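Presented below is the structure to which this report refers.
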Amino acid sequence: MRYLMSLMILSLWGINSMAEAGIRESDFDSIKLYEMKNAKGMVVKVTNYGAIITSIQVPDRHGKMADVALGYDNVESYMNAVDKPYFGSIVGRYGNRIAKGKFTIDGEEYKLAVNNGENHLHGGVIGFDKVVWNAQELKVKNGTSLQLTYTAKDGEEGYPGELSVTVTYTLTNDNSLRVDYKATTTKATHVNLTQHTYFNLKGEGNGDILDHELMLNASRYTPVDAGLIPTGELADVKGTPFDYTTAKPIGRDINEAHQQLEFGGGFDHNWVIDRPEGNTGLVLAARVTEPQSGRVLEIETTEPGIQFYCGNFLDGRLKGKSGKEYVHRGGFCLETQHYPDSPNQPNFPSTLLKPGETYSTTTVFHFKTAK
Ligand code: GLA
């Protein structure tokens with residue numbers, strides 16, 4: 001039997017009212033929801049509003065499907081969500097925080113939108129998670145791809161340079177969701193793109209994620225100050241609650257007395273991925289196993305860091321697509337990225353992109369099951 005890979009445009013996600021921010025009325029008609037399905041029945045839904053992954057349906061060890069991505073079934077909920085959780089979105093132009101919303105390139109200081117205390121977070125007030133992207137289906141071998149493009153203006157949210165961004169989601173028959181990021185600029189600028197899906201491998205809305213077992217391939221992390229800006233130190237995780245080098249339940253050490261856990265309200269930190277010297281390809285960054293269902297998520301990336309955020313700001317006020325409350329720590333994010341505040345941290349790997357260069361990173365989310 002020939003298996004069909006398919007990409008379907010499910011519906012127009014047009015809306016009637018003007019939302020809070022981030023979208024022009026003329027864009028409403030162009031918001032769509034796309035469905036990618038592979039030969040094994042795995043389904044991924046993506047909207048071109050914010051390049052958001054709205055749903056990921058994967059099997060458990062008995063083949064029972066569940067949607068493991070937190071999110072909504074309509075675009076208005078994404079636009080109006082309180083506390084801006086960034087469910088499922090592509091975050092940019094700079095994912096994570098930049099201290100005081102400032103950086104200097106070639107002696108010139110740039111002031112960015114300040115939207116997180118005194119700092120800049122996730123690209124500003126209208127980041128890439130709140131704009132409408134162009135979407136196009138691509139035919140690829142052994143999979144289905146959706147290519148999303150967006151051009152950010154020179155000066156948008158304070159960043160220099162017109163930035164042309166391409167994000168390609170590819171669903172393959174081995175239950176992998178590959179995300180390829182590319183960008184070019186007209187002026188030197190800082191770029192750090194990431195994917196902000198919240199996962200709950202029991203299924204979205206099914207309680208908290210504290211009993212999921214997490215392994216992070218990282219023997220160091222970047223400690224932060226009270227505003228979650230890195231101090232510049234790369235600290236050893238050994239002997240601290242931050243040691244996930246051997247798999248352990250997410251919640252095992254989360255309540256230990258540790259200043260870093262106080263600052264984050266739990267885990268909300270960047271880990272430094274262990275990478276063999278000279279290797280610039282995909283390396284395993286994280287593995288998460290949910291014991292009850294047997295669902296496993298493995299993340300490979302070309303990036304140097306991964307922000308592990310365990311949904312500390314969720315508090316049950318947001319209700320998801322199936323009507324269930326997203327409780328405190330009801331989802332975890334593993335955001336592959338460069339380290340936070342890299343533009344102001346000379347010892348961190350650089351996020352500077354110059355005209356003529358191409359920003360290019362890849363992250364793969366691989367879904368499996370365990371006995
Ligand atoms: C990131 C940040 C968190 C929080 C979430 C969104 O993971 O590090 O502090 O802002 O995004 O709620």
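All figures in this text were calculated on a predicted structure; none of them were measured in a lab. Whatever order the structure lists them in is the order used to number ligands and atoms, beginning at 1. Both backbone and side-chain heavy atoms feed into the values below; hydrogens, waters and symmetry mates do not.
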Next on the checklist: If I apply the N/O under 3.5 Å rule, does H196 come out as touching ligand 1?
Outcome noted: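 Yes - when backbone and side-chain N and O of H196 are compared with those of ligand 1, one distance drops under 3.5 Å.
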
Checklist entry - Is the shortest N/O to N/O distance between E335 and ligand 1 below 3.5 Å? => result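 There is such a contact, yes.
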
Atoms of ligand 1, numbered as shown, that sit under 4.0 Å from any heavy atom of [X]:
X	value
L121	10 (O)
H122	1 (C), 2 (C), 11 (O)
Y86	6 (C)

Checklist entry - Just one of M79, H122, K84 clears the side-chain contact (heavy atoms from CB on, under 4.5 Å) bar with K130, so which one? => result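 Passing option: K84.
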
Checklist entry - Do you see a donor-acceptor pair shorter than 3.5 Å between the side chains of N134 and Q147? => result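 There is no such pair between these side chains.
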
Any idea which protein heavy atom is nearest [atom], and the distance to it?
atom	answer
atom 12 (O) of ligand 1	Y198 OH, 3.5 Å
atom 3 (C) of ligand 1	D268 OD2, 3.1 Å
atom 4 (C) of ligand 1	F313 CE1, 3.7 Å

Next on the checklist: Using 30° and 60° as the class boundaries, would you call the ring planes of F242 and Y221 parallel, tilted or perpendicular?
Outcome noted: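 Taking Y221 first and then F242, their aromatic rings lie parallel (interplane angle under 30°).
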
Checklist entry - Would K202 and D211 satisfy salt bridge (charged side-chain N to carboxylate O under 4.0 Å, His left out), going step by step from the backbone distance to the final call? => result CA-CA 10 Å; K202 289 187 269 199; D211 49 3; 3.3 Å; yes

Report, one line per pair, each donor and acceptor closer than 3.5 Å where one atom sits in a side chain of residues 157-168; sequence neighbours left out.
residue : atom : partner : partner atom : Å
E157    : OE1  : V125    : N            : 2.7
E157    : OE2  : I126    : N            : 3.1
Y159    : OH   : H120    : NE2          : 2.6

Next on the checklist: Taking salt bridge (charged side-chain N to carboxylate O under 4.0 Å, His left out) as the definition, give me every residue that meets it alongside D315, ordered by chain and number, with sequence neighbours left out.
Outcome noted: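 By the salt bridge (charged side-chain N to carboxylate O under 4.0 Å, His left out) rule, D315 matches R317.
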
